[in-house]
S.K.: 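Have a look at this one before I ask anything.
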Amino acid sequence: MSHRSDTLPVPSGQRRGQVPRDHSIYIQLLEITLHLQQAMTEHFVQLTSRQGLSLEERRHTEAICEHEALLSRLICRMINLLQSGATSGLELQVPLPSEDSRGDVRYGQRAQLSGQPDPVPQLSDCEPAFVSRDLSNRGIDISVFYQSSFQDYNAYQKDKYHKDKNTLGFINLGTSENKLCMDLMTERLQQSDMNCIEDTLLQYPDWRGQPFLREEVARFLTYYCRAPTQLDPENVVVLNGYCSVFSALAMVLCDPGEGFLVPAPFYGGFAFSSRLYAKVELIPVHLESEVTVTNTHPFQLTVDKLEEALLEARLEGKKVRGLVLINPQNPLGDIYSPDSLMKYLEFAKRYNLHVIIDEIYMLSVFDESITFHSVLSMKSLPDSNRTHVIWGTSKDFGISGFRFGALYTHNKEVASAVSAFGYLHSISGIAQHKLCQLLQNTEWIDKVYLPTNCYRLREAHKYITAELKALEIPFHNRSSGLYVWINLKKYLDPCTFEEERLLYCRFLKNKLLLSCGKTYMCKEPGWFRLIFADELPRLKLAMRRFCDVLQEQKEALIVKQLEDAMRE
Amino acid sequence: MFTLPQKDFRAPTTCLGPTCTQDLGSSHGDDLEGECSRKLDQKLPELCGVGDPATISSDTSYLSSRGRMIKWFWDSAEEGYRTYHMDEYDEDKNHSGIINLGTSENKLCFDLLSWRLSQSDMQRVEPSLLQYADWRGHLFLREEVAKFLSFYCKSPVPLRPENVVVLNGGASLFSALATVLCEAGEAFLIPTPYYGAITQHMCLYGNVRLAYVYLDSEVTGLDTRPFQLTVEKLEMALREAHSESIKVKGLILINPQNPLGDIYSLEELQEYLVFAKRHRLHVIVDEVYMLSVFEESVGYHSVLSLERLPDPQRTHVMWATSKDFGMSGLRFGTLYTENQDVATAVASLCRYHGLSGLVQYQMAQLLRDRDWINQVYLPENHARLKAAHTYVSEELRALGIPFLSRGAGFFIWVDLRKYLPKGTFEEEMLLWRRFLDNKVLLSFGKAFECKEPGWFRFVFSDQAHRLCLGMQRVRQVLAGKSQVAEDPRPSQSQEPSDQHR
């Protein structure tokens with residue numbers, strides 16, 4: 001029956017009982033694949049361990065690494081499949097190399113997921129690409145996706161800049177966090193009204209959020225969004241972060257494989273949130289930087305572009321369930337006028353699309369001459385049953401570690417379906433109390449917090465934009481959000497996403513974390529998002545590193561051009 | 001008999017499969033489990049895996065097909081939830097309100113906990129707690145958790161903070177583990193009766209099923225006690241699942257068990273783990289009641305106390321403060337696994353299951369305070385649990401009602417079979433409804449997927465006055481029940497939601 005080849009150079013474990021024929025095939029295949037995997041790894045190690053010095057060679061090595069990562073993933077999937085086939089028989093144990101599963105199926109430190117920002121080679125503590133036989137395929141996907149998206153962030157977490165203790169550590173201008181008002185928030189959260197422990201806070205909550213908090217959120221949004229009528233606490237669902245809200249919305253509005261339109265560039269976290277659990281595709285509506293007759297300002301969103309993207313998606317057989325709008329926009333900082341907002345909403349209504357509006361930066365508009373119009377301020381919504389608003393405290397109050405996000409929707413059906421996720425995305429009762437106290441104190445918010453926050457944002461923005469102007473770097477000059485969208489195209493030769501990635505790596509090597517346009521699905525290579533909501537000394541040091549890198553990059557470009565010229 | 005809350009919602013038409021047709025709606029802790037069982041004869045749609053086509057048609061709905069199903073789960077639980085919460089018993093304001101002996105919450109020690117959590121060391125606020133942090137949980141908390149578990153689980157070696165992942169509750173942990181260990185449609189074995197809410201935790205995001213290992217109340221063969229789990233039964237259930245082409249990826253053990261209050265001996269634990277290893281199954285050991293063993297004579301053994309785990313890479317332990325510290329509203333749960341791949345994969349999902357930094361700090365302070373835990377909290381908590389347990393079991397004995405309870409957990413597994421003349425689940429549900437109509441909420445056996453109709457779970461960890469009133473109402477129902485037992489037309493039409501809307 002089972003003629004397992006004993007000559008295969010793969011160590012095998014014990015096997016019990018008889019093995020049905022098809023299972024023995026699985027096992028043999030599995031063994032061969034494992035063998036192949038090992039050989040492949042060795043091959044790549046040999047290929048990449050040669051120390052190339054020239055740019056050319058380095059790029060070559062990087063390309064090899066990418067191939068390796070791709071192959072690794074494929075082969076790992078094969079192993080998982082084979083293994084699941086092999087273990088579906090009851091009476092057998094699959095022979096696998098080494099009982100300790102750690103290490104054997106993993107790959108070398110250098111393996112990376114293709115198309116993802118590469119780690120800096122000298123970052124020795126950077127996590128290896130993720131391969132495991134204990135996880136499901138989707139588990140592997142989740143891990144790989146997460147690690148590739150967050151490995152640089154994790155490197156930063158382990159090696160943060162500190163003015164005394166770690167002057168050579170990473171400065172993070174990549175993660176959108178407001179660090180300018182930590183003093184105010186810390187003081188506010190330490191006041192005595194914050195500390196309340198009641199029995200009800202310690203018991204199972206209403207999974208939509210404690211009633212007192214939902215009431216406060218409704219009141220808060222009525223006031224700050226200038227809603228024409230009082231918003232209803234029954235339309236509020238409170239979860240631990242706005243990504244959780246987005247994830248839950250994607251689950252209940254779409255079936256797997258369906259999609260949302262999103263004007264690109266857009267906040268990359270949404271791509272993550274829609275893919276991780278919900279398997280929903282975000283379909284970019286590509287915007288362009290160039291100003292033309294129809295494109296009256298850079299990255300302008302028009303209904304024509306929405307129509308076009310929708311049509312195109314449908315032609316490709318995609319089912320589009322909605323439109324995601326971020327207002328104020330991340331990373332552009334654009335604010336939609338009431339007129340344009342209305343047009344987008346009417347477009348959505350015309351095609352029965354849901355609209356998810358993310359207003360997470362609504363209080364971070366720091367130019368007083370600009371008025372932000374929340375979608376909740378509209379007298380009448382074109383399709384109120386398909387309009388869902390997300391807000392949270394992470395950005396506007398700079399407390400991303402607090403984990404609070406809220407959904408406001410007139411649609412009771414959507415609200416209750418999202419509530420079903422309440423227990424998987426719940427907030428501690430103690431934290432709910434604090435949030436309620438925070439939102440309740442409008443006087444402090446209006447008189448202390450918001451003016452100070454806006455002032456500090458404005459000053460930081462002023463500093464950064466002056467620096468950029470001095471460097472003659474074009475940027476999208478807006479007055480909302482915590483970031484500037486800058487154009488480093490002139491430092492890329494050729495102007496490709498690959499070059500963009502290499503520049504990103506060069507920043508990283510110099511301990512500066514930025515985010516590049518690719519992660520925002522920007523169509524044009526060369527754009528970066530720079531966070532300025534940080535304290536001035538750190539910001540100054542960051543800009544020094546920024547200049548150094550660009551200088552370095554400029555020199556490298558010259559060398560490269562010379563090399564190219566000599567070859568010709 | 002089950003009314004859908006929304007008129008425009010059409011009942012789903014296809015069946016969910018053999019493994020999860022019940023109690024998916026019990027989304028509020030584990031209370032109102034019975035509520036959901038009114039869906040027994042309702043068909044559910046196939047959960048949508050990736051690429052599965054929509055099966056529910058509804059022109060009027062704004063939701064996707066999986067969204068409609070999720071909402072349907074929610075509404076059915078929500079309905080009962082509303083019933084209880086709209087008419088909660090209150091000592092001063094609502095004497096005729098519902099007494100909840102259904103939700104497994106410890107309401108005996110709020111005084112101690114409020115005091116502890118109000119101490120000045122709890123009120124620290126610093127920038128790092130307000131910013132994005134390590135998604136596995138702040139290192140200071142993971143270190144505390146590792147120390148805490150090393151001590152209370154009597155681990156032979158110190159446990160490591162790298163193996164700890166912190167999330168917002170046990171539910172999230174079940175959900176995350178299901179997602180990263182299984183493909184959609186695959187299954188975990190679970191001995192029944194079991195804490196029914198796990199079904200939904202595994203299902204909602206993960207679309208993972210449960211394959212039941214049915215246990216009997218009757219002591220047969222080599223069994224030494226009712227509902228005993230044996231390796232033979234595990235083997236049989238696994239074979240059965242395979243014969244139905246259900247792919248089993250793991251085994252869930254709850255120890256101390258909910259609702260039985262059983263505790264596995266070291267030998268049993270070892271046998272189950274070896275069984276799992278033999279079949280390359282992951283084991284999720286839920287030890288959420290580990291410090292709620294109030295009978296000193298009962299020797300509890302955490303799986304982490306084993307000298308050597310048969311398959312450490314596939315053994316994943318969960319614990320939380322919901323039960324042992326009576327803080328289900330605090331939302332703190334933790335995973336301990338030596339498997340870094342699993343830890344990392346779960347951490348990858350933690351962005352969605354994160355816990356506020358300030359609360360993480362408070363938890364670290366709480367877990368660190370060994371003196372208070374050992375000298376104040378645990379002795380007092382155990383004494384109170386024991387007193388409440390004694391009271392309810394005396395009451396049951398006086399009524400001549402058999403029950404199971406081994407001195408752990410917050411509940412007694414009560415045998416009311418003699419009150420069901422025909423011994424059917426319909427009768428069980430009617431009895432449950434009669435309890436609810438008499439303003440006492442219990443959980444019934446079907447919600448725990450118990451094979452035999454007539455078992456109920458009584459939660460006793462409540463204040464004496466509520467407990468007395470609850471038991472009084474139970475007595476009334478059972479007394480009345482014997483008179484109306486032959487009545488073929490019980491008060492079925494009285495939906496509680498109609499009464500209280």
Side-chain angles (χ1 to χ4, degrees), chain A residues 87-88 90 101-102 130 132 134-139 142-143 146 157 175 177 182 185-186 189-190 195 197 199 201-205 207 240-241 243-244 247 251-257 276-277 279 385-386 399-403 411 413-414 416-417 419-420 423-426 428-431, chain B residues 27-29 48 50-51 54 62-67 70-71 73-75 78 103 105 110 113-114 117-118 123 125-127 129-134 168-169 171-172 175 180-183 205 239 242 280 313 327-331 339 341-342 344-345 348-349 351-354 356-359:
Chain A
T87 47
S88 62
L90 253 181
S101 73
R102 305 261 300 107
F130 204 86
S132 162
D134 289 323
L135 300 177
S136 59
N137 286 328
R138 62 179 177 185
I142 287 166
S143 284
Y146 173 82
Q157 281 289 355
T175 307
E177 270 193 295
M182 278 298 144
M185 286 312 299
T186 309
L189 289 167
Q190 268 168 336
N195 304 320
I197 309 287
D199 295 1
L201 298 179
L202 299 180
Q203 294 178 24
Y204 279 121
W207 295 117
N240 67 339
C243 280
S244 299
S247 170
M251 284 294 289
V252 306
L253 298 181
C254 296
D255 283 320
L276 218 53
Y277 272 130
K279 310 286 177 208
N385 270 319
R386 286 198 180 83
I399 45 173
S400 30
F402 219 95
R403 315 311 304 138
N411 189 325
E413 201 185 359
V414 173
S416 51
S419 305
Y423 66 101
L424 298 180
H425 302 302
S426 55
S428 176
I430 292 176
Chain B
S27 68
H28 182 250
C48 289
V50 179
Y62 291 95
L63 304 174
S64 61
S65 40
R66 71 175 167 195
I70 288 163
K71 176 175 179 293
F73 289 154
W74 170 255
D75 283 342
E78 170 74 350
T103 307
E105 273 191 293
F110 287 137
L113 289 161
S114 303
L117 292 169
S118 309
Q123 319 306 350
V125 181
E126 53 179 65
L129 298 176
L130 301 179
Q131 295 174 358
Y132 285 124
D134 188 336
N168 65 341
S172 301
S175 172
V180 305
L181 296 178
C182 302
E183 309 300 344
Y205 269 131
R239 265 198 302 277
H242 278 284
R280 308 183 75 85
Q313 290 294 316
M327 305 188 294
S328 26
L330 201 114
R331 316 307 304 141
N339 189 322
D341 294 346
V342 173
T344 310
S348 305
L349 292 168
R351 191 182 175 80
Y352 304 92
H353 308 294
S356 175
L358 296 179
V359 178

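Here is the naming used below: chain letters follow the sequence lines, and residue numbers restart at 1 for every chain.
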S.K.: Tell me, side chain or backbone of A:Q203 under 4.5 Å from chain B's heavy atoms, or both, or neither?
M.R.: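 Backbone plus side chain of A:Q203, per the 4.5 Å heavy-atom cut-off to chain B.
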S.K.: Heavy-atom cut-off 4.5 Å, strictly under: side chain, backbone, both or neither for A:L189 against chain B?
M.R.: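 Answer is both: backbone and side chain atoms of A:L189 are under 4.5 Å from chain B.
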S.K.: Working to the nearest 0.5 angstrom, can you tell me the gap between A:S244 OG and B:H353 NE2?
M.R.: 7.0 Å
S.K.: Going through the checks in order, is the side chain to side chain contact (heavy atoms under 4.5 Å, CB included) test met by B:L63 and A:E413?
M.R.: CA-CA 8 Å; B:L63 304 174; A:E413 201 185 359; 3.7 Å; yes
S.K.: At their closest point, which heavy atom of A:L424 faces which heavy atom of B:S172, and how far apart are they?
M.R.: O-OG, 3.1 Å
S.K.: Measure the CD-OG distance between B:Q131 and A:S400 for me, rounded to the nearest 0.5 Å.
M.R.: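 If we round to the nearest 0.5 Å, B:Q131:CD and A:S400:OG are 6.0 Å apart.
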S.K.: Return the option, out of B:G357, B:P127, B:G169, B:S175, with the maximum number of heavy-atom pairs under 4.5 Å with chain A.
M.R.: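 Winner by heavy-atom pair count: B:P127.
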S.K.: Please report the shortest heavy-atom distance between A:L135 and B:A345, naming the atom on each side.
M.R.: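 Smallest heavy-atom distance, with atoms named: CD1-CB, 3.8 Å.
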S.K.: Assess the side chains of A:N385 and B:Y62: does a donor N or O sit below 3.5 Å from an acceptor N or O?
M.R.: yes
S.K.: For a quick test of reading the model, state the closest non-hydrogen atom pair linking B:S348 to A:S143 and the distance between them.
M.R.: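 Nearest pair, atom of B:S348 first, then A:S143: OG-CA, 3.7 Å.
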S.K.: Minimum heavy-atom separation for A:D255 and B:R66, please, with both atom names.
M.R.: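 Reported closest heavy-atom pair: OD1-N, 3.0 Å.
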S.K.: Within this structure, what is the CD-CG distance for the pair A:Q190 and B:L358, rounded to the nearest 0.5 Å?
M.R.: 9.5 Å
S.K.: Atom CD1 of B:I70 and atom CE of A:M251: how far apart are they, to the nearest 0.5 Å?
M.R.: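 Rounded to the nearest 0.5 Å, the CD1-CE separation comes to 4.5 Å.
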S.K.: If every non-hydrogen atom of A:A417 is compared with every non-hydrogen atom of B:G67, which pair is closest and at what distance?
M.R.: CB-O, 4.0 Å
S.K.: With rounding to the nearest 0.5 Å, note down the distance linking CG in B:L330 to CG in A:L202.
M.R.: 6.5 Å
S.K.: Contact part of B:A171 toward chain A, heavy-atom cut-off under 4.5 Å: side chain, backbone, both or neither?
M.R.: both
S.K.: A:E177 side chain to B:Y132 main-chain N or O, any donor-acceptor pair under 3.5 Å?
M.R.: yes
S.K.: Assign the ring pair B:Y352 / A:Y277 to parallel, tilted or perpendicular, where the plane angle (0 to 90°) is split at 30° and 60°.
M.R.: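 Rings of B:Y352 and A:Y277: perpendicular, over 60°.
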S.K.: Apply the test side chain to side chain contact (heavy atoms under 4.5 Å, CB included) to residues A:I197 and B:L113: give CA-CA distance (whole Å), side-chain angles for both, the deciding distance (0.1 Å), then the verdict.
M.R.: CA-CA 9 Å; A:I197 309 287; B:L113 289 161; over 6 Å; no
S.K.: Determine the minimum heavy-atom distance between A:F402 and B:S356, stating which atoms define it.
M.R.: O-CB, 3.4 Å
